[in-house]
Amino acid sequence: MAVTKNKINLGGLARKLILENILDEEKAQEAHKKALAEGIPFVAYLVANKLANDADIAKAASEEFGVPLLDIATIELDKEVTDLVANDLIEKHHVLPIFKRGNRVYIAGSDPTNIQALDEIKFHVGANTEMVLVEESKLAKLIERTLDETDSVFDDMSDEDLADLDNLTISDESNDTADSEVDDAPVVRFVNKMLMDAIKKGASDLHFEPYEKTYRVRFRVDGVLHEASNPPSSLAGKIAARIKVMSRLDVSERRVPQDGRIKLKISKNKSIDFRVSTCPTLYGEKIVLRILDSDSAKLGIDVLGYEDFQKEIFLENLQKPYGMFLVTGPTGSGKTVSLYTGINILNTEDINISTAEDPVEINLPGVNQVQVDEKTGMSFPKALKAFLRQDPDIILVGEIRDLETGSIAVKAAQTGHMVMSTLHTNDGPQTLTRLKDMGIPSFAVATTINLIVAQRLARRLCPHCKQPMNIPKDALVSEGFSERAIDEGFTLFEATGCDQCSNGYKGRTGIYQVMPVSDAMKRLIMEDANAVILADQAANEGIPDIRTSGLKKVQDGITSLKEINRVTVE
């Protein structure tokens, strides 16, 4: 008779679940071992891996151990009670204090055999403890929400707090960085509130701007700046000093620009990075913070807004073993996300990927990222030369800015490497002429570039409040819509605005020109054709330009004609 190796004698809750046919013994054995290995409670492992229904587990546990079963969703938590127990204990034992009666604290848990949790909490709070049984999924959500609130580095700021800012007495500029907790506390809370508000509103940038008699804070949401606050102008120095302290910049240096970075842990499992840039102005330092969201690099190509045929061309060229893959567009058009999406697709165990970026905005596990820093001598050309000696398969250059960087990138592409990079040009044809204008030979441009993706970001219409609109056919034709599309019929929508969006828009979508460099286009490049001729050739090959792609988004009801007119050239 075969004997199962390392078999554990299961008891307690696990045995009850087996007897009730909620869980078979083999799965229980495996779950017990893996839960121990991962350092998580047995019940939490079962529910997380969908091995058993948490309602069934809770019912069986209540019957077996005589512990009352409670629907935790009906309980309104008291912050004073949840604050009785330190966050590390809540995380360690996967329990949550929910209410207190006299000298007894009631602890919500999904495993009634967790006696250690009761004993340890009893010792720390100096009160008797009693377990209340709850469903694991509801408990996990409530614990996460509680820790998010208590771990957050941000405090809510009321109107009274903002009024306190006006009451601060500011001495001469040399004392701006004084360590007076009384003076600095409102400024700290104000800066924290601005950061939190920006995150909640989905902003990409925060602008702290001092003027002679006013001070304003603006957020860039979905590509458009909105005023968020007007603190007293007398606090310009203290606000700048606070942000510099957070980003570890030289607080005493106010005459030259500085660049830094803030990493804020806003909950137990969520961090936000900010790229900080200071610039001396006439009335103080303007500071701009760019919110770096690592999740945006993991979105996947399906949500970026590519049309099906564009996505197919993108993926096909991404798999080529060598050549150049270029993404172009103005600042803030989503070039980095497009590049990182491609890198994530290629990032496998058998591929060596190296990147040179200024700055490294998002950390990518498995990718060798180099921070370009002219002060230390680490330039794009120097990084590229180093990469070529490190057996690369794919090289990413943050931006081709000059002839030296472009020449080395082209040589790398010619010698069997895939090179990905960005340029600040308006569309695909202009990218080809821009490279030639830099001084890169026409034959090198023609033979190395596989694909150019030109892009913009346009705001999405809010699905809750967008309204249909009527525009005469002649006006539609003048905007660039084809007569065939107009005759077939489509509905245009306009932004109105509601409490679920920002001025009628919510989120953004990409608009793309995905232009492979065909043999015919290569011949034109060798003949030094200008951007207009190259654009005509692209159109003849059925490649829609940025404007045409944008109008398709309007036809599909994704965005408005007004928005497309804002981000593209008519």
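In this text, all values refer to a predicted model and were calculated from it rather than measured experimentally. Keep in mind that the numbers below use all heavy atoms, side chains included, and drop hydrogens, waters and symmetry copies.
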Ring geometry between Phe314 and Phe325 (parallel below 30°, tilted from 30 to 60°, perpendicular above 60°): perpendicular
Test: Asp250 and Lys244 ion pair at under 4.0 Å: no
side-chain contact (heavy atoms from CB on, under 4.5 Å) involving Asn103 - partner list, sequence neighbours excluded: Ala127, Asn128
Check: Gln390/Ser354 side-chain N/O donor and acceptor closer than 3.5 Å: no
Presence of salt bridge, Lys335 and Glu399, under 4.0 angstrom: no
Lys/Arg-Asp/Glu bridge criterion (N-O < 4.0 Å) met for Lys138, Asp71: yes
Lys506 with Asp222: basic N within carboxylate O range, under 4.0 Å: no
Check: Glu120/His93 side-chain N/O donor and acceptor closer than 3.5 Å: yes
For Pro210, side-chain contact (heavy atoms from CB on, under 4.5 Å) partners two or more places apart: Tyr215, Ala236, Thr281, Lys286
Exercise: do Asn352 and Asn368 side chains pair donor with acceptor under 3.5 Å: yes
Close side-chain approach of Ile107 and Val132, heavy atoms under 4.5 Å: no
Salt bridge (charged side-chain N to carboxylate O under 4.0 Å, His left out) between Arg254 and Glu285, intermediate numbers included: CA-CA 7 Å; Arg254 304 182 184 91; Glu285 290 178 284; 5.0 Å; no
Glu357 and Thr355 side chains, donor-acceptor separation under 3.5 Å: yes
Polar contact flag, side-chain donor to acceptor under 3.5 angstrom, Gln258-Glu253: no
